[in-house]
Amino acid sequence: MQVNRENLWSDWRHYPGWKPDYPSFKETLDGGQAFCWFQVSENSYEGIVVNIPLRLKWESPHHILWSSPQNIAATADTFLKSYLGEEASYQKYYDNLPWRSDQHLNRCMKQFPKLRILNQPFEETLLGFLCSATKQIVQIKEMLKLLRQRFGQSVATDFARLPTWHELTQVSEQALRDCKFGFRAANIIKSAAVIEQSPDLFKNLSSLSYSETKKILCTLPGVGEKVADCVTLFGCGKLDAFPVDTWITKAMKHHYRLEDWKSPQIAHFGRKHFGNFAGLAQQFLFAWERNQSGK
DNA sequence: TTCCAGGAAGTCG
DNA sequence: CGACTTCATGGA
């Protein structure tokens, strides 16, 4: 019943650490960093991050609200501060990007002035981007939704978490294919086995550099340069990573004159040109490029 | 229909 | 090395 479902949720609370315009709000949650957010009304999204169901609502300029199940509101509050980040940090990040000398970046930043990089849990970020090869964002979200429903532990009414990597060792390749994973299914099964047999594989990732983290990730089947860059950026907080996908390749070709450059060279250029927060610049370019083609 | 989507890995020359 | 193939699925 809807009544029961609504009783699950706490009252809306103000989140003071982020005051986005609506395009920045929408792009941050549903622009392809995370695959767990679904729009449920004009201005609001619902999702579950690990085992925390959440609602986020954009109210008016400079004002967002959040809600969680009542019994975990304190946990959710603490979690959100990490997940969404704080204003002071982003002022520093934005200021460090070369928008003063880069006209195109400047234009992208004006379109999504409060865009952020979500601080996502590592293991589900890895899973998400292992699903991402030649898939549209909406399709990745659908694949993972099926996976939650069929193999994830139920947390609340209509909310199941993603299976853990350990739980995935008990899932068959065919079962993943039945969730529309296609050729990605085998990579996930194999990676789950590697992770199961290497309990210390992801130990201390937060203390490692971008390139050290990436090297470890690339040992997993199905993880190459681009997926590793996304996981280090979105799931490990390595803001100097610069993932190069088809959209970024187009952007760099058209706006930076990198005709016929291959992905590794584009990534190298991006890291040099945009600096210590190249990954944030990458998100601005990515968002602009995708929203441009959609007109 | 054709092209393309937040690619990786194997093969061939 | 670099270029080309294959792998699934479905949106636009």
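The shown structure was predicted, so the numbers you read here are calculated from the model rather than taken from an experiment. Residue numbers begin at 1 in each chain, while the letters A, B, ... track the order of the sequences.
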Exercise for review: Return the stacking result for B:dG6 and A:Phe286: yes when the ring centres lie under 5.5 Å apart and the planes under 30°, no otherwise.
Suggested key: yes
Review point. Is A:Arg184 near enough to C:dA8 that one of its side-chain N or O atoms lies under 4.0 angstrom from OP1 or OP2?
Key: no
Exercise for review: Determine: side-chain N/O of A:Lys180 to OP1/OP2 of C:dG10, distance under 4.0 Å, yes or no.
Suggested key: yes
Check your understanding: Quick one: which of B:dG6, C:dC7, B:dA5 gets closest to the side chain of A:Lys250?
Key -> B:dA5
Check your understanding: Is there a donor-acceptor pair under 3.5 Å between the side chain of A:Arg148 and the backbone N or O of A:Phe159?
Key -> no
Review point. To the nearest angstrom, how far is A:Phe183 atom CZ from B:dA9 atom P?
Key: 11 Å
Exercise for review: Select one nucleotide: of B:dG7, B:dG6, C:dG10, the one nearest the side-chain heavy atoms of A:Trp247.
Suggested key: B:dG6
**Study point:** Donor-acceptor under 3.5 Å (A:Asn96 side chain, A:Lys92 main chain)
**Key:** yes
Check your understanding: Are any of the side-chain heavy atoms of A:Lys226 and A:Phe129 separated by less than 4.5 Å?
Key -> yes
Check your understanding: Any idea which of B:dG6, C:dA3, B:dG7 is nearest the A:Phe234 side chain?
Key -> B:dG6
Check your understanding: What's the CG-C1' distance between A:Asp245 and B:dC4, to the nearest Å?
Key -> 12 Å
Point to revise | Length of the CD-P vector between A:Gln120 and B:dG6, whole Å | key: 16 Å
Study note, to complete from the structure: A:Gln139 has its side chain closest, among C:dT9, B:dG7, C:dA8, to C:dT9
Study note, to complete from the structure: From the candidates C:dA3, C:dG11, C:dA8, the one with an atom nearest any side-chain atom of A:Gln136 is C:dG11
Revision key, fill the gap. Rounded to whole Å, CD1 of A:Ile266 lies from P of B:dG7 at a distance of 13 Å
